[in-house]
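Below is one structure, written out as structure tokens; the observations come after it.
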Protein chains: 2
Amino acid sequence: MSQTVDRALSILPLLAQGPADLGQVAERLGVHKSTALRLLRTLHEHGLVFRQGDQRYRLGARLFALAQEAVENLDVREIAHPHLVELNEQCGHTVHLAVYEENEVLYIDKVESRYPVRMYSRIGKPVAITVAAVAKLLLADLPEPERRVVADKLDYPMYTSRSTPNAVAFLRELAVVREQGWATDLGGHEESINCVGAPIRGADGRAVAAMSVSAPNVVVTREELLTLLPLVRRTADTISREYSGTTRPKKA
Amino acid sequence: MSQTVDRALSILPLLAQGPADLGQVAERLGVHKSTALRLLRTLHEHGLVFRQGDQRYRLGARLFALAQEAVENLDVREIAHPHLVELNEQCGHTVHLAVYEENEVLYIDKVESRYPVRMYSRIGKPVAITVAAVAKLLLADLPEPERRVVADKLDYPMYTSRSTPNAVAFLRELAVVREQGWATDLGGHEESINCVGAPIRGADGRAVAAMSVSAPNVVVTREELLTLLPLVRRTADTISREYSGTTRPKKA
DNA sequence: AGTTGTCGTTGCAGCATGTGCAACACCCAT
DNA sequence: ATGGGTGTTGCACATGCTGCAACGACAACT
């Protein structure tokens, strides 16, 4: 790995937390001001960083443009979206779409109760990987050795008393999910929130994404939410079919 | 500027066009394969890039997460404030900043007029949503269905004879505002007060806030106030650019 | 099977490149 | 004026980046 690039890229998450001036950047990077300045300049020339009125640095528009392209290239999202909306119209609850990437599970789409999605709402956040239904689905689909390696590396925070406590329990849960082809999160992340989810599979049978429906206890009980399972699975299967039918990654 | 970082960052827009393998990246960068490899590795460790199918490289979803986090930590008010003050120094009148939230439009910042006669308003208070210039701007930017739903739910109090009388008239007014990109309130709230306003837009083109200049008849006539329109729009555009982190405005 | 081509990966020697220092320029408060 | 706080510049040094060439893995042909 390249030290210079490593330092430069470390600036990005730093600025994502909020604007910072040259001194702060240099200090938090552990380098001299002049070094930080040159890194920032380079980032600036590529538009990833922006200087606002009072000399402070912020993430720039180019980064947003790149982020846009990054998700647009995930064509699962395009295909799935209308189906997520439809599902939302039928049940009224929040619908999520997530993918697995590099030891993380990220939400890439979301439909909130009755209103159309707004870009940049809360999509893009990593999910609570040890408890979320979509995370279980995606991890359960990994090849066995990788699954175990990932499970070992994870932390197992006890969000609630129902959270997955450790790797052993997690792997056991994944085996169940793998077997039954769907997953739940019953108060494992927040005590009052339940989810049911199902995988979206590509032509080769592997899970390319996962979707879930979430609702708080006060709206529907666990049992009522579980009655939506067939609908969720049917939607996921529909998306799977459309995805594997239209996706033809030519040039082999 | 730093050569190494410069090269590394050049990879991103390159990958934005589509996945590429090591050889292609090296060639298009004009560097040796081993160099490209090390750059890609570094990008990979930061999650900006990932390898699909253990072969080709593509943009990583972490880019998306980064942009997301940055947007959440963005504070329109902080960015706008100095510009509002500057505008106030140039024209002397009251300047307002407002956002739309949950069927309401709220003032979130205000710079008081230098003239003795001031208008009543308070930061944090909902504005007269059917007549205020800022409210028209923000509602005009909503997606069509939501706009209509909101317009139907509103009350249309006749503050003055010039107030918007009903939903039909309001929607017509919003269409005009949407078209022209600015809005006025000519005695619709208080007989003697006029306003002109313009929207502040984020990187995705949606209005994140709106600003206006207000003055009573006794200080400036409507016609005189309207001559400030270019200045108001220019200020709003400047704030928009700074908020979205770009130097060049997108197309309207 | 053997062979040839392609592609990703590695270790290394040389030197381009990034680094930190110190001095400078600037702005604002005192 | 004076001082402390910024961001910025030029420069000598050596760090860490570069390109080379060789290796291993894999697949496609003959």
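To find a chain, count down the sequence lines: A is the first, B the second, and so on, and within it residues start at 1. Everything numeric in this text was worked out from a predicted model, so none of it was measured.
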Could you list the residues that satisfy side chain to side chain contact (heavy atoms under 4.5 Å, CB included) with D21(A), not counting sequence neighbours?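 With sequence neighbours excluded, D21(A) shows a side chain to side chain contact (heavy atoms under 4.5 Å, CB included) to Q24(A), R56(A), given in chain and number order.
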Which residues share a side chain to side chain contact (heavy atoms under 4.5 Å, CB included) with V31(A), sequence neighbours left out: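 If we apply the side chain to side chain contact (heavy atoms under 4.5 Å, CB included) test to V31(A), skipping adjacent residues, the hits are R7(A), L29(A), T35(A), A36(A).
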Quickly, which of T184(B), D185(B), N217(B) forms a side chain to side chain donor-acceptor pair (under 3.5 Å) with N194(B)? Name it, please.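 The single option meeting the side chain to side chain donor-acceptor pair (under 3.5 Å) with N194(B) is N217(B).
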Are R41(B) and E45(B) ion-paired here, with the side-chain N under 4.0 Å from a carboxylate O?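 Salt bridge between R41(B) and E45(B), a charged N being under 4.0 Å from a carboxylate O: no.
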Could you check whether R58(A) pairs with E242(B) (Lys NZ or Arg NE/NH1/NH2 to Asp/Glu carboxylate O, under 4.0 Å)?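 No.
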Heavy-atom protein contacts under 4.0 Å, nucleotides 17-28 of chain C, coded B base, S sugar-phosphate only, - none: SSBBBB------
Between [X] ([atom1]) and [N] ([atom2]), how many Å, whole number?
X: D21(A); N: dT8(D); atom1: CG; atom2: P; answer: 11 Å
X: E27(B); N: dG8(C); atom1: CD; atom2: C1'; answer: 16 Å
X: R51(A); N: dT6(D); atom1: CZ; atom2: P; answer: 15 Å
X: L40(B); N: dT10(C); atom1: CG; atom2: P; answer: 14 Å
X: L37(B); N: dC20(D); atom1: CG; atom2: P; answer: 16 Å
X: L22(A); N: dT8(D); atom1: CG; atom2: C1'; answer: 9 Å
X: Q24(B); N: dT6(C); atom1: CD; atom2: P; answer: 14 Å

Does either side chain, that of D109(A) or that of H96(A), offer a donor lying less than 3.5 Å from an acceptor on the other one?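 No pair is found: no donor N or O on one side chain lies under 3.5 Å from an acceptor on the other.
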